There are 2 protein chains.
Amino acid sequence: MAGLDFVMDGESAVDADAPVSRAERRDLQIQRVMDAAKKCFVRSGFQGASMHQICAEAGMSPGALYRYFPSKEAMIAAITEADRRNDAEIFTAMFENPDVVDGFVTAAMAHVRHMHESGNAPLFAEIRAESMRNEAIDRTCAMAMSEVQQAFGKYLQDAVDRGDIAPAVELDAFMPMVIAIGEGLAINDLPAQGVTFESIEKLMRVTVEAMLRPRRKT
Amino acid sequence: MAGLDFVMDGESAVDADAPVSRAERRDLQIQRVMDAAKKCFVRSGFQGASMHQICAEAGMSPGALYRYFPSKEAMIAAITEADRRNDAEIFTAMFENPDVVDGFVTAAMAHVRHMHESGNAPLFAEIRAESMRNEAIDRTCAMAMSEVQQAFGKYLQDAVDRGDIAPAVELDAFMPMVIAIGEGLAINDLPAQGVTFESIEKLMRVTVEAMLRPRRKT
DNA sequence: TCGCTTTATGCGAACGATCATTCTCGGTCA
DNA sequence: TGACCGAGAATGATCGTTCGCATAAAGCGA
């Protein structure tokens, strides 16, 4: 009788599917829904993707899906936050590089690479468009990015204080402009247009160098 | 009985609405619909804005509106093309400036200014997001911009040939990158974030100068 | 370990609302 | 008179969401 306990059987073969607690399984299901939702949002946009499509992609019924997310808006918020937080993490590596220009260029290139490989550019464009009219999404973005922005500001200010760099404009103006430029690169997925990573990095280095250590006069 | 004809009453006051031919009136109505649609698309996005909302904004019934546009998709295409063409025109002034750096910076600043004043940034973001998943919209964008891009390429090539500039990377890579950066600036509406036009122009000039006339070595 | 209750999970039909679009018909011009 | 225009109800489809019900798992006193 005890031999029929399939839970024990599963454990002896692979521990990939069997020995999961209630809470673990729940997290797994949430992840499953989010993966499906992300795929649908990339394909059709937030408003364009229907809950039925997301259900089909997740292999789940509407009744089941709504056990994990109370509404479509909550799903959009969750996807947005996860995506923004993921992007933000890439930049944290920058703060350990003592050379500001090199640190920034390296981090930005990692971001470009990640955007290209993950195919998340359409999702990012969608998030950006949505955040301009949906204040809740805008706040979600701001929250997820605020830590990196603060760290970035401090990173730059330290470099200014020690005389390593002398930005062409005040940091208050510099930060938003760099972020804007970065977003442009993120949305456009240049490698997909045939631009080599080498070209991107070269031009980015020249640009950042000029912004942070401008020539005396013109 | 004739005194009840309010159309004739209007003529006696101002000639702004009365003496129009059938075709002229049709163009006027089309413009009215497009203005309303643009407003709704800015507010709610392409998918989020309903035809009923657009009808209400235009002060028109669905039956009337569908006399001028066969479908919502056609309206999206029309709005997209008009917006892209409008943006493209701003850049044509650049090609008459013999100084490439100054020409580009001046045109780009005009674009930033226009984006800020017209409040079209959300519409642009929406267009950009939509063009990544809707091939028809993508083609509409490409068509509207192709002339300016070609002219821009020629403008730069001429400057290269006469030794005025020496871009940090090949023009084939330079063009998409500059466009990407420009889109980032367009979406972010920096003046709305408190960044002054002076700061934007200064950093832009430093950047463009560095991209087109890079320092010898690093 | 056994039965019993409680809770969590999943399905899929069904809901009312809203969607883009069409139809019908009366009015207005050339 | 005939082509065009406009209103607004109506259409079928699809939307996000809910409901009822069945099953599986966890909790628990004995």
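Note on naming: letters A, B, ... go to the chains in the order of the sequence lines (proteins, then strands), and numbering restarts at 1 for each one. From a predicted model like this one, the values you see are computed outputs, not experimental measurements.
- Following rounding to the nearest Å, Phe69(B) (CZ) and dC5(D) (C1') show an atom-to-atom distance of 16 Å.
- For Phe91(A) and Phe104(A), the gap between ring centers reaches or exceeds 6.0 Å.
- Among dT21(C), dC29(C), dT7(C), the nucleotide with an atom closest to any side-chain atom of Arg22(A) is dT7(C).
- Atom CG of Leu28(B) is separated from atom C1' of dC29(C) by 16 Å (rounded to the nearest Å).
- Residue Ala49(B) is classed as a sugar-phosphate contact, given heavy-atom separations below 4.0 Å to backbone atoms only.
- When each of dC15(D), dA9(D), dG6(D) is scored by its nearest atom to the side-chain atoms of Pro62(B), the top-ranked nucleotide is dA9(D).
- At the phosphate of dC4(D), neither OP1 nor OP2 sits under 4.0 Å from any side-chain N or O atom of Arg67(B).
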Under the salt bridge (charged side-chain N to carboxylate O under 4.0 Å, His left out) rule, what do Asp158(B) and Lys154(B) come out as? Steps first, then yes or no, please.
CA-CA 6 Å; Asp158(B) 287 351; Lys154(B) 190 176 177 307; 3.3 Å; yes
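- Between Arg84(B) and Glu89(B) no salt bridge is recorded (no basic side-chain N to carboxylate O distance below 4.0 Å).
- A heavy-atom distance below 4.0 Å to DNA chain C is reached by these residues of residues 70-81 of chain B, ordered by number: Ser71(B), Lys72(B).
- Computed from coordinates, the Phe46(A) CZ to dG16(D) P distance equals 14 Å when rounded to whole Å.
- Following rounding to the nearest Å, Glu24(B) (CD) and dC4(D) (C1') show an atom-to-atom distance of 16 Å.
- Between the side chain of Glu126(B) and the backbone N or O of Leu123(B) there is no donor-acceptor pair closer than 3.5 Å.
- The distance from atom CE of Met51(B) to atom P of dA7(D) is 15 Å, rounded to the nearest whole Å.
- Residue contacts for Tyr68(B): at a heavy-atom cut-off of 4.0 Å it reaches the sugar-phosphate backbone alone, with no base atom in range.
- At whole-Å resolution of the value, NE2 in His52(A) and C1' in dG16(D) are 7 Å apart.
- The side chain of Tyr66(A) approaches dG16(D) more closely than any other nucleotide in the set dG16(D), dT21(C), dT24(C).
- The phosphate of dG10(C) (OP1 or OP2) has a side-chain N or O of Gln29(A) nearer than 4.0 angstrom.
- Close to dT9(C), at under 4.0 Å from its OP1 or OP2, lies no side-chain N or O of Arg25(A).
- Judged by the 6.0 Å distance and 45° axis criteria, Arg26(A) is not positioned over the aromatic ring of Tyr68(A).
- Whole-Å rounding puts the Arg26(A) CZ to dA8(C) P distance at 9 Å.
- Between Arg133(B) and Asp138(B) there is no salt bridge, since no side-chain N of the basic residue sits under 4.0 Å from a carboxylate O of the acidic one.
- The listed nucleotides are dC19(C), dA7(D), dC11(C); the one nearest the side chain of Ala64(B) is dA7(D).
- Other residues, nucleotides and ligands place more than 12 heavy atoms under 6.0 Å from the CD atom of Gln157(A).
- The CZ atom of Arg32(A) sits 13 Å away from the P atom of dT9(C) (whole-angstrom rounding).
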